[in-house]
Visitor: 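I have a structure here, written as structure tokens, and I will follow up with some questions on it.
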Amino acid sequence: MTLTVSQDLMQSSNPKPKRPIGVLIIAIVAAAGGLLSIFGGASRLAGMGTGPIALAYIVIIFGILGLTLGAGFFTGAKWAWMAGIIIYIISIGLGIAEIIYGGQVGLIGGIIRTIAGIVIPVYLTRLKPKSFFGKGSGSTGT
């Protein structure tokens with residue numbers, strides 16, 4: 001009976017669209033940015049960087065979110081689409097704060113974070129990425 005149910009589920013579900021190369025790129029960017037954010041924030045907490053301590057904690061939190069989003073983007077998790085848009089739009093403000101208060105490392109990271117905060121949400125709203133995440137007009141997840 002379990003075999004029959006599994007076969008029925010496999011036949012009734014639509015195959016997942018092929019992962020667009022842009023989604024693979026933003027998955028890598030999100031994960032790499034997450035790692036760099038964690039290391040950057042941790043270096044400030046260890047006394048090796050400049051800038052406000054509170055900013056270092058926020059950067060570490062966004063680093064963890066970046067790693068999580070990278071995995072979600074790579075696997076095409078439905079939650080990753082909306083979470084990515086929201087988190088990257090919010091990260092524009094963090095990027096600006098890093099540019100202003102983060103010292104030399106924060107300046108570079110802030111510029112990259114601000115650009116990613118603009119480019120990634122715009123890309124995610126295009127047809128192929130939306131379809132990959134089950135958000136296209138032909139999908140039931142709209």
Side-chain angles (χ1 to χ4, degrees), residues 2-3 5-142:
T2 305
L3 183 59
V5 171
S6 296
Q7 287 174 341
D8 289 342
L9 287 174
M10 288 174 42
Q11 290 173 353
S12 67
S13 65
N14 295 330
K16 189 164 193 75
K18 184 179 175 196
R19 180 186 307 110
I21 189 71
V23 172
L24 176 61
I25 291 169
I26 65 169
I28 293 168
V29 167
L35 283 174
L36 290 172
S37 293
I38 291 169
F39 289 134
S43 71
R44 172 59 188 109
L45 296 179
M48 295 185 289
T50 60
I53 295 288
L55 185 59
Y57 285 116
I58 294 169
V59 167
I60 290 171
I61 290 168
F62 270 81
I64 294 166
L65 291 172
L67 286 173
T68 305
L69 280 175
F73 289 154
F74 186 79
T75 61
K78 287 186 178 193
W79 58 263
W81 183 80
M82 184 56 75
I85 291 172
I86 292 169
I87 289 169
Y88 277 99
I89 288 174
I90 291 171
S91 76
I92 294 170
L94 177 59
I96 292 168
E98 284 181 291
I99 291 168
I100 295 170
Y101 302 110
Q104 187 65 28
V105 173
L107 173 68
I108 295 166
I111 291 169
I112 293 169
R113 187 181 306 275
T114 303
I115 292 169
I118 296 167
V119 172
I120 290 174
V122 168
Y123 174 74
L124 287 173
T125 59
R126 296 182 57 151
L127 183 60
K128 284 185 181 182
K130 282 177 72 172
S131 176
F132 177 68
F133 289 103
K135 303 293 183 182
S137 60
S139 71
T140 58
T142 331

Visitor: State the OH-CZ distance between Tyr88 and Phe62, to the nearest 0.5 angstrom.
Guide: 10.0 Å
Visitor: Looking only at heavy atoms, what is the nearest atom pair of Pro121 and Ile89, with distance?
Guide: CG-CG1, 3.9 Å
Visitor: Which pair of heavy atoms, one from Val29 and one from Ile120, lies closest together, and at what distance?
Guide: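 Result for this residue pair: CG1-CD1, 4.4 Å.
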Visitor: Specify the closest pair of heavy atoms between Ala80 and Gly72, including all atoms of both residues, with the distance to one decimal.
Guide: CB-C, 3.5 Å
Visitor: Side chain to side chain donor-acceptor pair (under 3.5 Å) with Ser37: which residues, sequence neighbours excluded?
Guide: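 Only Arg113 meet the side chain to side chain donor-acceptor pair (under 3.5 Å) criterion with Ser37.
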Visitor: What is the distance from atom CZ of Phe133 to atom CE of Met82, rounded to the nearest 0.5 Å?
Guide: 12.0 Å
Visitor: Would you compute the distance between atom CD1 of Ile115 and atom CD1 of Ile92 and round it to the nearest 0.5 angstrom?
Guide: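 The CD1 atom of Ile92 is 11.0 Å from CD1 of Ile115, to the nearest 0.5 Å.
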Visitor: Roughly how far, to the nearest 0.5 Å, is the CG atom of Leu94 from the CD1 atom of Ile87?
Guide: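 The distance works out to 12.0 Å.
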Visitor: So, Arg19 side chain and Phe74 main chain: donor-acceptor pair closer than 3.5 Å or not?
Guide: yes
Visitor: Could you measure the distance from the CG atom of Leu35 to the CG atom of Leu67? Nearest 0.5 Å is fine.
Guide: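 Here the rounded value is 4.5 Å.
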Visitor: Grab the two heavy atoms, one from Ala27 and one from Phe73, that are nearest each other, plus how far apart they are.
Guide: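 Between these two residues, the closest heavy atoms are CB-CB, 3.7 Å.
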Visitor: Is the shortest side-chain heavy-atom distance between Leu124 and Ile26 below 4.5 Å?
Guide: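 The answer is yes, as the side chains (C-beta and beyond) meet within the 4.5 Å cut-off.
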Visitor: With sequence neighbours excluded, tell me which residues meet salt bridge (charged side-chain N to carboxylate O under 4.0 Å, His left out) with Arg44.
Guide: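 Listed in chain order: nothing, the list is empty.
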Visitor: On a heavy-atom basis, which atom in Ala56 and which in Leu45 lie closest, and how many Å separate them?
Guide: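 Looks like CB-CD2, 4.0 Å.
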Visitor: Quick one: pull up OH in Tyr123 and NZ in Lys130 and give me the separation to the nearest 0.5 Å.
Guide: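 Answer for the OH-NZ pair, Tyr123 versus Lys130, is 13.0 Å.
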Visitor: At their closest point, which heavy atom of Trp79 faces which heavy atom of Thr68, and how far apart are they?
Guide: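 Shortest heavy-atom separation between Trp79 and Thr68 comes out as CH2-O, 3.6 Å.
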